[in-house]
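Please read the structure below before turning to the comments.
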Amino acid sequence: MALIEIQNLSVAYGAPSRPVLTNVDVTIEEGEFVCLLGQTGCGKSTLLKMILGAESPTGGRILIDGVEHKQPDRTRGYVPQKYSLFPDKTVLDNITFGPEVSEFNMFTRFTPRFVRRRREIRDEAMRYIHRIGLHERDARKYPYQLSGGMQQRVAIAQALVTHPRILLMDEAFSALDPGTRKDMQRLIRQLWRDTGVTVLFVTHNTQEALYLGSRVIVLAKESPDAGAQVAMDLSVPEPCHEHQIPMLVHHLEHASGSARAPEVPVFATA
């Protein structure tokens, strides 16, 4: 059984109804790194929110391990484009907030088990702080004291500390400068290899999709009034050699219907 099964999924908003996605069928196996590629407005982020359980489809369904999930839970971590950190909490408290809230309520926080478990959670959070390339002293800092790249590293740790089977990332690096973006690409590729988590990564940058993904799914509309469908489903060679890149870029951009426009040079070398 596949980890994620998207079956005949359709989404429409508004009155009169405006289709966003139409008859999307995708199967994703555990451990894949899938990049969702397409032009702005083609429904990439919408599909991600459906998988997260934050929104419901108009038609069709999404199964995770054969079961529909109607709301977010700990099986799916989420990293948005805009940093999701609490401004009044330190780095350490931001990372530990999710596990502490999900495991304990206001009554169980006064038990010996909470003290022991809280220590375990904070120790694990410190390991993630080192793993994402930050230092012990950074644990005591607040978000306003961090650069954009550092904030996004914390957001990734925040999502991974709950041990999700699926990590959903929505244009997570698009607000970063090119140098920081390359560093973040290398980081998420390494974390994917180390943890085995299944990653779905939304991007509109073809080169980024080719560098990050083991698979690239292109969403595109046949006409402005139609909902987007799967226009291409491409397995990316591993390793992806430099001479293969122009041909793959051409195929993906042709499938997405995008004009050949210069992209920000974000293709990081391993």
Side-chain angles (χ1 to χ4, degrees), residues 1-13 17-69 76 78 81 165-172 174 192 197-238 240 244-245 247-261 263:
M1 180 186 297
L3 176 59
I4 303 171
E5 295 177 80
I6 302 170
Q7 301 177 345
N8 200 32
L9 186 81
S10 295
V11 180
Y13 295 128
S17 181
R18 179 180 63 85
V20 178
L21 296 168
T22 303
N23 301 329
V24 174
D25 285 289
V26 174
T27 298
I28 298 171
E29 302 293 337
E30 189 152 17
E32 288 193 278
F33 195 131
V34 178
C35 284
L36 298 174
L37 182 68
Q39 294 180 303
T40 300
C42 72
K44 305 183 298 296
S45 296
T46 298
L47 181 56
L48 212 68
K49 291 174 184 175
M50 299 288 163
I51 297 170
L52 178 63
E55 296 184 13
S56 299
T58 307
R61 60 180 185 167
I62 296 176
L63 305 179
I64 298 175
D65 280 333
V67 178
E68 284 191 84
H69 293 253
R76 288 152 292 170
Y78 179 64
Q81 177 179 354
R165 295 182 64 193
I166 302 165
L167 181 63
L168 305 167
M169 305 184 71
D170 190 2
E171 302 257 20
S174 62
W192 169 62
V197 66
T198 303
V199 181
L200 276 79
F201 188 98
V202 166
T203 182
H204 63 266
N205 190 288
T206 309
Q207 292 192 10
E208 181 168 68
L210 285 172
Y211 172 69
L212 290 175
S214 61
R215 180 178 169 194
V216 178
I217 294 174
V218 179
L219 297 177
K221 298 182 177 183
E222 290 186 356
S223 69
D225 298 326
Q229 297 178 302
V230 175
M232 178 175 282
D233 190 339
L234 175 73
S235 293
V236 180
E238 179 63 36
C240 187
Q244 297 173 294
I245 297 169
M247 178 185 67
L248 294 174
V249 167
H250 172 76
H251 285 318
L252 291 171
E253 291 183 342
H254 179 75
S256 68
S258 63
R260 181 63 182 178
E263 291 183 329

If I compare all heavy atoms of [X] with all of [Y], which pair ends up nearest, and what's the gap?
X	Y	value
Ile51	Ile64	O-CD1, 4.1 Å
Gln229	Val24	CA-CG2, 4.4 Å
Pro19	Ser17	CD-O, 3.9 Å
Gly60	Pro57	O-CG, 3.8 Å

State the [atom1]-[atom2] distance between [X] and [Y], to the nearest 0.5 angstrom.
X	Y	atom1	atom2	value
Met50	Leu9	CE	CG	6.5 Å
His69	Arg61	NE2	CZ	12.0 Å
Thr198	Glu30	OG1	CD	5.0 Å
Cys35	Leu234	SG	CG	11.0 Å
Leu48	Leu36	CG	CG	6.5 Å
Asn23	Gln7	CG	CD	12.5 Å

So, does [X] use its side chain to make a donor-acceptor pair with the main chain of [Y] at under 3.5 Å?
X	Y	answer
Asp25	Asn8	yes
Arg76	Leu168	no
Ser10	Gly59	no
Lys44	Gln39	yes

So [Y] and [X], do their side chains get closer than 4.5 Å, heavy atoms only?
X	Y	result
Ile4	Leu63	no
Leu212	Met169	no
Tyr211	Val236	no
Met232	Leu37	no
Thr27	Ile6	no
Leu219	Leu21	yes

Worksheet item: Under the ring pair (Phe, Tyr, Trp, His ring centres under 6.0 Å) rule, what pairs show up with a residue in residues 24-46, not counting sequence neighbours?
Response: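 The answer is Phe33-Trp192.
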
Practice prompt. Using the side chain to side chain contact (heavy atoms under 4.5 Å, CB included) rule, take Val202 and Leu47 through it: C-alpha gap first, then chi angles, then the decisive distance, then the call.
Written response: CA-CA 9 Å; Val202 166; Leu47 181 56; over 6 Å; no

Worksheet item: Given Ile28 and Arg215, is the side chain to side chain contact (heavy atoms under 4.5 Å, CB included) satisfied, shown in steps?
Response: CA-CA 10 Å; Ile28 298 171; Arg215 180 178 169 194; 4.1 Å; yes

Discussion item. For a side chain to side chain contact (heavy atoms under 4.5 Å, CB included) check, start with the C-alpha distance between Val199 and Val34, then their side-chain angles and the critical distance, and finish with the verdict.
Written reply: CA-CA 6 Å; Val199 181; Val34 178; over 6 Å; no

